[in-house]
Amino acid sequence: MSEEMMEGEVVKKFMYINRRAPYGSIYALESLEVVLIGAAFDQDVSLAFVDDGVFELKKDQETAGIDMKNFSPTYRALEMYDVEKLYVSKESMDARGLTVDDLIVDVEVKTDAELADLFDDQDVIFSF
Amino acid sequence: MKFAVQVNEGPYQHQAADSAYQFTKAVLEKGHEVFRVFFYHDGVNNATKLTTPPQDDRNIVNRWSELSEKYSLDLVVCVAAAQRRGIVDEGEAKRNKKDAENIAPGFRISGLGQLIEAGVQADRLVVFGD
């Protein structure tokens, strides 16, 4: 547990693990809503994208055909909320033929083993 | 220890709704504290008092209400998730011009900040879902 006091407030390491494709279920969208609200709490926030979750960051999402709102531009706004630590799983990217050039935001590519270490280091993990 | 619990799946559809209840009950019976139970995604459906399961089946909604009354357990339903899925208290009904409310006793509707706060305040946040 790494907790530090900052201006009298507890700062914890929050990790949001995004595991699902952006459409097909509501988990990805509602996860992003937690991240945006949570940003106001000044915690030490990271996001990891694994399995089909890497598709959430795919460029050029076209959703008109399924009558859903394309919420992918919101990931670009995370920077303004000081949410800047975004990690993607190398294995998940490779398995889906994706490279960082396919993604709408800057990310750090980590192997699953490195991600496991990162998860180990967190205080709070939200898994969506 | 101080726990927080997050419930991400709906009642009767998914074991997570049962496991969350059983875990919370066990933790309280062991004398631990549960700072809050937060219902998100389809988990908000655990809060509708209109649920009527067969008589020989468990009543998942009433179970939460009873646990809340016994231990003064804070049961919070995410407002954004609730609005999408039609879980409504009196205030929400008025605000959104609905002619009914359906929130079960012991539950309250509030914002996602309550989930983040639970993560900050609790020693462990335990998430039940897929």
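Numbered from 1 within each chain, the chains take letters A, B, ... in sequence-line order.
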Which atoms of [X] come close to chain B, meaning under 4.5 Å heavy atom to heavy atom: side chain ones, backbone ones, both, or neither?
X: A:Gln43; value: side chain
X: A:Leu36; value: neither
X: A:Phe128; value: side chain

Open item on the list: Rounded at 0.5 Å granularity, tell me how far CG in B:Asp57 sits from CD in B:Gln55.
Closed with: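 Reported to 0.5 Å precision, the distance equals 11.0 Å.
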Open item on the list: Nearest 0.5 Å, please: how far is CD in B:Glu69 from CH2 in B:Trp64?
Closed with: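 Answer rounded to 0.5 Å: 15.5 Å.
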Please say whether more than 12 non-hydrogen atoms of neighbouring residues, nucleotides or ligands are located less than 6.0 Å from [atom1] in [X].
X: B:Lys2; atom1: NZ; answer: yes
X: A:Asp106; atom1: CG; answer: no
X: A:Lys59; atom1: NZ; answer: yes
X: A:Lys58; atom1: NZ; answer: yes

TODO: Please state whether the side chain, the backbone, both or neither of B:Asp42 comes within less than 4.5 Å of a heavy atom of chain A.
DONE: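 Contact with chain A involves no heavy atom of B:Asp42 at all.
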Task: Interface moiety of B:Ala81 toward chain A, non-hydrogen atoms closer than 4.5 Å - done: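 Looking at B:Ala81, backbone and side chain both touch chain A.
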Task: Neighbourhood of chain B inside residues 17-26 of chain A, taking heavy atoms under 4.5 Å as contact - done: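 Those residues of residues 17-26 of chain A which have a heavy atom under 4.5 Å from chain B are A:Arg19, A:Arg20, A:Ile26.
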Open item on the list: Side chains of A:Glu56 and A:Tyr75 only: does a donor on one sit below 3.5 Å from an acceptor on the other?
Closed with: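 Side-chain D/A pair, A:Glu56 to A:Tyr75: present.
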Task: Step-by-step side-chain hydrogen bond (donor to acceptor under 3.5 Å, both in side chains) determination, B:Gln83 to B:Arg95 - done: CA-CA 11 Å; B:Gln83 284 172 342; B:Arg95 210 169 359 265; over 6 Å; no
